[in-house]
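One structure below.
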Amino acid sequence: MKLNYFTKRLSTVGRWMATTVFCVCAIAFVWQGAFFSNTTAMAAPAANLIASADAGDQVKEKTSKDAGRAKNFIRDTADKVEQTAKTNAAKVDQATDDGSFVERKAKKDAGRIVQRAEEDAARTQKAVDNTKNVVERTVDNIKDAFSN
């Protein structure tokens, strides 16, 4: 069925009215939320400072705990890499009897892998410590800014 001129115009006007009502409702919700968001915070600003100090302590505690977990994970990974390198070198040693070039190379590579695993673990743990210190300094700076 083909719409005539009057029906097309009525349909267009209806769409515009629905869009307008929707936008007005959205604006009303945003407006109401802006004016009535948290009136208790305006009445008692000291309570917020106490809460923010407590939140800062919680952030610092969580950061320290997570940094410890990350460092343990890094150490475990380095230990597994070292163990795998030594195991592979031992397998090559068992496969060859006469101290061949391959055996010497496998032992040398195992030593190099162990050394690099230690260096990488130390470097990564230092980066974790630096990140933890940055977070703690930032929390302290924020707490100082709110206390002044």
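Numbering starts at 1 and runs along the sequence shown. This structure is a prediction, so every number in the text was calculated from the model and none was measured.
- Nearest heavy atoms, Ala106 versus Ala89: O-CB, 3.9 Å.
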Output, in order, the C-alpha distance, side-chain angles, deciding distance and verdict of side chain to side chain contact (heavy atoms under 4.5 Å, CB included) for Lys65 and Arg69. CA-CA 6 Å; Lys65 188 165 66 170; Arg69 286 181 186 163; 3.9 Å; yes

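- The shortest side-chain heavy-atom distance between Arg116 and Ile113 does not fall under the 4.5 Å cut-off.
- Judged as a side chain to side chain donor-acceptor pair (under 3.5 Å), the pairs with a partner in residues 125-135 (not counting sequence neighbours) are, in order, Lys71-Asp129.
- Ion pairing between a basic and an acidic side chain is recognised when a charged N comes within 4.0 Å of a carboxylate O; Glu118 and Arg123 show no such pairing.
- Of all non-hydrogen atoms in Val114 and Lys86, the two that sit nearest each other are CG2-CE, 4.1 Å.
- Remark: Glu61 CD to Asp66 CG distance equals 10.5 Å, nearest 0.5 Å.
- Taken from CG in Asn88 to NZ in Lys107, the straight-line distance is 14.0 Å, to the nearest 0.5 Å.
- Remark: side-chain polar atoms of Thr138 are paired, donor with acceptor, to backbone N or O of Val134 under 3.5 angstrom.
- By the 4.5 Å heavy-atom criterion applied to side chains, Asp79 and Gln83 are not counted as neighbours.
- Partners of Asp76 under the side chain to side chain contact (heavy atoms under 4.5 Å, CB included) rule, at least two apart in sequence or in another chain, do not exist in this structure.
- Taking 4.0 Å as the cut-off between side-chain N and carboxylate O, Arg112 and Asp109 count as a salt-bridged pair.
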